[in-house]
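Counting convention: from 1, in listed order, for ligands and their atoms alike.
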Amino acid sequence: MSDNDQHLQTVAEILLNAQQLVVSTGAGISKESGIPTFRDAHDGLWAQYDPQDLATPRAFIKDPKLVWDWYEYRRDLMKNAQPNAGHHALVQMEEYLPNMVIVTQNIDGFHHLAGSSDIICLHGSIHRNKCFGDCQGHPTYIDINTLAWDKSSGPPLCPYCQKAYVRPDVVWFEESLDSALINRAYAVSAQADVMLVVGTSGVVFPAAQLPIITRQNGGIIIEINPNLTQVLALAHRRLEGPSGEILPRILDHMRKLKQA
Ligand code: BV8
């Protein structure tokens, strides 16, 4: 068995012994679905912008069309993409583990699409839209497919208040996360005896706090990433490479260990 295989088998053993596994995922797990990561240089028009300058309320107020078109471009990418072998491996791992929660920073909905059972989506969903003015007295989410507007002008007006624009139901920088979601993420991270950190640069808070919490409570941190990240200092073990390859190989070892 190669070193690498030995390492994967050891990780598989650690996961099989986990009483509470948390899998914290970032944009990297969707890279092999063809979705650029948050900090990849986007193609064409978007290569000139820093996503961090577009994903804020101020950017939307300043130029609603620019921000809206950026999300329409990303929605298009995601509409034509599918979960990859990494997402599917996480679904199949569930049958070997008593408790497994996925906490994702991603807004693409791929963990749901793949069939994972317990997912905390910290930053919302690009597939949902709501009123920027947060007007009340009606369902929160607005189905833009039911609206008629000049799409070349940018976002539609909220059909309820007719004052504010419709915006994506995602958490922008300088916006607070849903307290129930982040509090549950903190709680499961504190209880986790193992956390698998997959495809995140680990720079955005409060998501980046989760492996710190697990480690502070004595949990084991295992990172999967082709590159070095802020998570490195926290990781007890690191598997270098694309998650779409590594996660299915870990699953294979889990299966073999269970059959032995
Ligand atoms: C908050 C949704 C309280 C939108 C996102 C000053 C003022 C205000 C706030 C702050 C401030 N300074 C700091 C903050 C806090 C701020 C923050 O953390 N900033 C950072 C930049 C320092 N956080 C916030 O603002 C949060 N809210 O703090 O509220 C508050 C309230 C009011 C005022 C003050 C504070 C909200 C953060 C959420 C922002 N929304 N997304 C959208 O997507 O459009 S963040 C977005 O970026 C993602 O969701 C994700 O969280 C992050 C990107 O990170 P990654 O997923 O890690 O992606 P990245 O591209 O960085 O890395 C990809 C990785 O994949 C790489 O490591 C790569 O090597 C790897 N990879 C590549 N290929 C593969 C792979 N891995 C595996 N397999 C492969 N094949």
Please verify whether a non-hydrogen atom of S176 lies at under 4.0 Å from ligand 1. yes
Say you draw a straight line from CD of Q191 to CD of Q19; how long is it, rounded to the nearest 0.5 Å? 12.5 Å
Centroid-centroid under 6.0 Å between W68 and Y165 rings: no
Quick test of your reading of the model: are R58 and E174 salt-bridged, counting only N-O distances below 4.0 Å? yes
among protein heavy atoms, the one nearest atom 50 (C) of ligand 1 is Q105 OE1, 3.3 Å
Distance to 0.1 Å, residue and atom name: give those for the protein heavy atom nearest to atom 61 (O) of ligand 1. S201 OG, 2.6 Å
Which atoms of ligand 1 have any heavy atom of W172 under 4.0 Å away? 36 (C), 39 (C)
At less than 4.0 angstrom from any non-hydrogen atom of P242, what atoms of ligand 1 do you find? 78 (N), 79 (C), 80 (N)
Indicate, as side chain, backbone, both or neither, the part of V203 found under 4.0 angstrom from ligand 1 when only non-hydrogen atoms are considered. backbone
Test item: K163 side-chain N/O and C158 main-chain N/O as donor-acceptor pair under 3.5 Å: no
Per-atom contact, atom 53 (C) of ligand 1, protein heavy atoms, under 4.0 angstrom: yes
What I want to find out is whether R237 reaches E13 closely enough, with some N-O distance under 4.0 Å, to be called a salt bridge. no
Where the side chain of T229 meets the backbone of V231, is there a donor-acceptor pair that is under 3.5 Å apart? yes
Is the closest protein non-hydrogen atom to atom 12 (N) of ligand 1 under 4.0 Å? no
Under 4.0 Å from a heavy atom of G26: which atoms of ligand 1 are those, numbered in the order shown and with their elements? 56 (O)
So for T37 against ligand 1, with non-hydrogen atoms under 4.0 Å, the contacting part is both
Could you list which atoms of ligand 1 come closer than 4.0 Å to a heavy atom of Y71? 4 (C), 42 (C), 44 (O)
Inspect the contact between R249 and D252 and indicate whether a charged nitrogen and a carboxylate oxygen are less than 4.0 angstrom apart. no
Looking at atom 37 (C) of ligand 1, tell me if a protein heavy atom falls under 4.0 Å from it. yes
Would you say that S201 contacts F38 through its side chain, given a criterion of any heavy-atom pair below 4.5 Å between the two side chains? no
Note: ligand 1 atoms sitting under 4.0 Å from heavy atoms of E175 are 1 (C), 26 (C), 27 (N), 29 (O), 36 (C)
Can a protein heavy atom be found under 4.0 Å away from atom 7 (C) of ligand 1? yes
Quick test of your reading of the structure: of F38, F205, W70, whose heavy atom lies closest to atom 15 (C) of ligand 1? F205
Nearest non-hydrogen protein atom, atom 74 (C) of ligand 1: G28 O, 3.5 Å
Run down the list H123, Q230, E174, R74 and name the one with the heavy atom closest to atom 32 (C) of ligand 1. E174
Any non-hydrogen protein atom less than 4.0 Å away from atom 1 (C) of ligand 1: yes
When you measure from atom 64 (C) of ligand 1 to every protein heavy atom, which one gives the shortest distance, and what is it? G199 O, 3.5 Å
Residue, atom name and distance, where the atom is the protein heavy atom closest to atom 80 (N) of ligand 1: E32 OE1, 2.8 Å
Those atoms of ligand 1 less than 4.0 Å from some heavy atom in V204: 18 (O), 37 (C), 47 (O), 51 (O), 52 (C)
Salt bridge check: are D108 and R74 linked by an N-O gap of less than 4.0 Å? no
Could you check whether any side-chain N or O of D193 sits under 3.5 Å from a backbone N or O of I220, counting only pairs where one atom can act as donor and the other as acceptor? no
Do R184 and D118 sit within salt-bridge range, that is, some charged N less than 4.0 Å from a carboxylate O? yes
Would you mind finding which of E223, Q52, K31 brings a heavy atom closest to atom 21 (C) of ligand 1? Q52
Which bit of T200 gets closer than 4.0 Å to ligand 1, counting heavy atoms only: side chain, backbone, both or neither? both
Is there a path of hydrophobic side-chain contacts, each under 4.5 Å between heavy atoms of I/L/V/M/F/W/Y residues, joining V22 to I102? no
Any idea which heavy atoms bring L90 and M100 closest together, and the distance? O-CE, 3.2 Å
Contacting atoms of ligand 1, where contact means under 4.0 angstrom from a heavy atom of T229: 67 (O)
Going through the distances and angles, do I213 and Y186 end up as a side-chain contact (heavy atoms from CB on, under 4.5 Å)? CA-CA 7 Å; I213 292 169; Y186 287 151; 3.3 Å; yes
Look at atom 58 (O) of ligand 1 and say which protein heavy atom is nearest, naming residue and atom and giving the distance to 0.1 Å. A27 CB, 3.6 Å
Going by heavy atoms, is P226 under 4.0 Å from ligand 1? yes
N/O separation below 3.5 Å, S243 to ligand 1: yes
Tell me the protein heavy atom at minimum distance from atom 40 (N) of ligand 1, and give that distance in Å. V171 O, 2.7 Å
Closest approach of any protein heavy atom to atom 68 (C) of ligand 1, naming residue and atom: N225 OD1, 3.6 Å
For the 3.5 Å polar cut-off, considering only N or O atoms, please tell me whether N227 and ligand 1 meet it. yes
Distance-only, no hydrogens or angles: does the E32 side chain make a donor-acceptor pair with backbone N or O of G244 under 3.5 Å? yes
Quick one about D169 and S125 (side-chain donor to acceptor, distance below 3.5 Å, no hydrogens or angles considered), yes or no? no
Classify the angle between the aromatic ring planes of F110 and H87 as parallel (below 30°), tilted (30 to 60°) or perpendicular (above 60°). perpendicular
